[in-house]
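This report concerns only the one structure given below.
Side chains are part of it too, since the values below use all heavy atoms of this structure and drop only hydrogens, waters and symmetry mates. Note that ligands are numbered from 1 as they come in the structure, with each ligand's atoms numbered from 1 the same way.
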Amino acid sequence: MGSLDVQRDPPTGISVLISGAGVGGLTSALEFWRKGCDVRVLERAKESLTTGDTFQIGPSVRHMFKHYPELQRRHDEVDYNPLFCKSKHTGERMMKPVPFASITTPDKNGYRPSSSTHSRPKFHKILLEQMERLGIEIEFGKEVVDYYEGVKSAKAGVVLKDGSKEEADLVIAADGLRGKSWSLVAGEPVPVRSSGSAVFRAAYPVELAIKDPEVAARFPLEEDGTSIFELWLGPGMFATFWRNDESMMWSITHPDEGTAEESWNHKVSPQTAVDYTATVPGWPEVANKVILATPPDVLIDWKLMWRDPQPSWVSPGGYVVQLGDAAHTFLPSSGNGATQAIEDSASLAACVAIAGKENIPDAARVHNLLRFERVSFLQAMGVARRDARTSKNGKKEEPLMPGMWLWGHDPEAYAEENFEKALAHIKDGAPFKSTNKPANIEYRPWTIDSLSEALEKGEPSILEGDWS
Ligand SMILES: Cc1cc2nc3c(=O)[nH]c(=O)nc-3n(C[C@H](O)[C@H](O)[C@H](O)COP(=O)(O)OP(=O)(O)OC[C@H]3O[C@@H](n4cnc5c(N)ncnc54)[C@H](O)[C@@H]3O)c2cc1C
């Protein structure tokens with residue numbers, strides 16, 4: 001099909017250097033290419049990292065994907081649409097499985113959107129396929145160790161591990177959680193500390209699990225082949241179990257006893273997880289069977305680290321912009337890391353296209369203003385959901401049901417509609433109000449500590465109000 005199905009804007013003469021070929025880096029490459037920019041992508045790994053288990057992709061992403069018909073087709077082909085079911089940590093179901101959409105807030109027409117559940121490896125692969133269709137190459141084995149900018153030269157650059165440098169009109173730092181751009185952006189690395197918790201998480205071929213008849217009976221497919229995503233709520237922990245016709249997927253939160261790391265490559269043995277579940281009263285043997293059927297070298301023990309929201313994602317001169325996890329990390333309970341990285345890409349590319357080559361710093365700052373409050377609300381949602389899921393009795397309900405401000409958002413259109421107003425705010429202090437967040441809740445700065453304390457004490461917080 002070549003690239004003919006994707007409409008590309010006329011050349012802008014803007015060169016963009018992207019560090020990191022994760023979801024944020026790849027979608028930035030696509031969006032900047034579509035906007036007529038010259039794009040280069042540098043990736044630390046020697047080859048594409050198509051590992052991982054699952055993540056959620058929200059419907060807002062469709063606004064970007066509609067510009068790439070083949071990508072949209074592949075997205076629909078590889079997404080899963082499981083039913084949702086809550087259970088106790090003993091495995092006893094607390095409800096009949098229902099479509100995910102039935103637990104989201106409907107819009108005024110009764111339409112109930114919901115996220116798509118994706119295998120991360122498959123999702124990553126469809127982005128790589130789209131890159132290939134457009135002829136955008138990834139330069140592997142290029143580890144960025146530092147970022148810099150020259151305000152006079154109106155250029156930014158990266159320093160690679162071998163000491164060489166690469167420059168462009170705009171540098172996008174999409175190098176993930178422990179990205180190297182914080183020293184330039186904030187003057188120091190973003191403070192990070194352990195939450196005290198970690199998550200075991202794994203995905204493996206389902207045949208290995210269901211060869212045990214007890215597992216096959218407890219984790220069946222529905223008669224029509226639909227799979228069921230189960231959320232198990234237990235004392236101070238939660239777990240997920242989910243199978244489809246290809247994979248068995250599971251995750252369990254647990255206190256971090258020093259076995260975990262914040263790394264997608266940090267593997268532990270299944271026995272480590274069973275040692276933990278042995279301490280959970282009422283934990284069923286069938287769940288241990290699922291854990292022990294996990295092949296060696298698959299189970300990740302992910303350390304949950306806390307980073308407070310950071311309002312500035314742009315270097316002082318405006319030529320380096322952090323994007324995705326490099327700008328804002330999410331707790332897994334937010335279900336928004338990948339979606340917000342993709343929204344960032346569409347927003348930043350739209351801002352740069354509007355501002356043009358002479359005004360890249362304006363574009364970067366407008367993008368930051370347009371995105372920060374929205375992202376910060378969703379980060380807070382992750383904190384609240386974590387608290388609800390790990391409550392002592394395991395019975396609290398999900399507190400927040402975001403509505404169309406989340407599901408229906410079109411980041412490119414939002415940037416186009418709000419660019420001038422946001423710029424006037426930045427330059428002259430003209431009033432500007434974000435409208436891509438819960439409509440009637442004023443944003444107020446928060447930290448993980450202040451929010452957790454407010455939740456604990458039942459005090460007012462950013463979470464109070466109408467999220468629909
Ligand atoms: C291998 C892997 C597996 C994952 N599995 C899951 C999962 O199962 N479930 C889930 O919810 N999330 C997973 N994630 C995280 C998820 O993809 C992100 O939270 C989300 O998609 C936001 O994407 P991002 O592009 O901002 O960050 P990431 O997806 O983390 O991408 C960052 C990219 O930058 C590269 N990079 C890092 N440092 C440098 C450097 N110094 N120089 C150049 N390149 C660099 C990394 O190799 C990576 O390709 C995984 C991430 C990775 C990298």
Side chain, backbone, both or neither: the part of [X] lying under 4.0 Å from ligand 1 by heavy atom:
{"X": "Leu177", "value": "neither"}
{"X": "Arg44", "value": "both"}
{"X": "Ala174", "value": "backbone"}

Salt bridge (charged side-chain N to carboxylate O under 4.0 Å, His left out) filter on Arg218, not counting sequence neighbours, yields Glu230
What are the atoms of ligand 1, with element, lying closer than 4.0 Å to any heavy atom of [X]?
{"X": "Thr54", "answer": "7 (C), 8 (O), 9 (N), 10 (C), 11 (O)"}
{"X": "Gly24", "answer": "23 (O), 24 (P), 25 (O)"}
{"X": "Gly52", "answer": "5 (N), 8 (O)"}
{"X": "Gly20", "answer": "33 (C), 34 (O), 35 (C), 44 (N)"}
{"X": "Gly176", "answer": "27 (O), 32 (C)"}
{"X": "Glu143", "answer": "41 (N), 42 (N)"}
{"X": "Ala338", "answer": "20 (C), 21 (O)"}

Under 4.0 Å, counting heavy atoms only: does [X] come that close to any atom of ligand 1?
{"X": "Lys142", "answer": "yes"}
{"X": "Ala21", "answer": "yes"}
{"X": "Arg201", "answer": "yes"}

Any [X] side-chain heavy atom under 4.5 Å of [Y] side chain:
{"X": "Met131", "Y": "Leu30", "value": "yes"}
{"X": "Asn244", "Y": "Val206", "value": "no"}
{"X": "Leu323", "Y": "Ser28", "value": "yes"}
{"X": "Gln72", "Y": "Asp76", "value": "yes"}

From [atom], work out which of [options] has a heavy atom at the shortest distance.
{"atom": "atom 8 (O) of ligand 1", "options": "Leu323, Leu42, Asp53", "result": "Asp53"}
{"atom": "atom 49 (O) of ligand 1", "options": "Glu43, Glu139, His124", "result": "Glu43"}
{"atom": "atom 29 (O) of ligand 1", "options": "His118, Met249, Arg120", "result": "Arg120"}

Looking at ligand 1, does any of its N/O atoms fall within less than 3.5 Å of an N/O of [X]?
{"X": "Val144", "result": "yes"}
{"X": "Lys180", "result": "no"}
{"X": "Gly324", "result": "no"}

Are His118 and His75, when compared by the centres of their aromatic rings, separated by less than 6.0 Å? yes
Aromatic centroids of Trp250 and Trp232 separated by under 6.0 Å: no
Check the side chains of Asp175 and Tyr147 for a donor-acceptor pair under 3.5 angstrom, ignoring hydrogens and angles. yes
Please list, one pair per line, the donor and acceptor atoms closer than 3.5 Å that link side chains of residues 370-383 to other protein atoms, with sequence neighbours excluded.
from   : atom 1 : to     : atom 2 : distance (Å)
Arg371 : NE     : Asp344 : OD1    : 2.8
Arg371 : NH1    : Glu343 : OE1    : 2.9
Arg371 : NH2    : Gln340 : O      : 3.4
Arg371 : NH2    : Gln340 : OE1    : 2.7
Arg371 : NH2    : Glu343 : OE1    : 3.4
Arg371 : NH2    : Asp344 : OD1    : 3.2
Arg374 : NE     : Glu343 : OE1    : 2.7
Arg374 : NH1    : Trp405 : O      : 2.7
Arg374 : NH1    : Asn436 : O      : 2.9
Arg374 : NH2    : Glu343 : OE1    : 3.3
Arg374 : NH2    : Glu343 : OE2    : 2.9
Arg374 : NH2    : Leu406 : O      : 3.2
Ser376 : OG     : Tyr443 : OH     : 2.7
Ser376 : OG     : Trp446 : NE1    : 2.9
Gln379 : NE2    : Thr329 : O      : 2.9

Do any N or O atoms from the side chain of Arg8 and from the backbone of Cys37 form a donor-acceptor pair under 3.5 angstrom? yes
Value for CE (Met249) from CH2 (Trp242), rounded to nearest 0.5 Å, stands at 4.0 Å
With Lys165 as the cation and Tyr148 as the aromatic partner, state whether NZ or CZ is under 6.0 Å from the six-membered ring centre and within 45° of the axis. yes
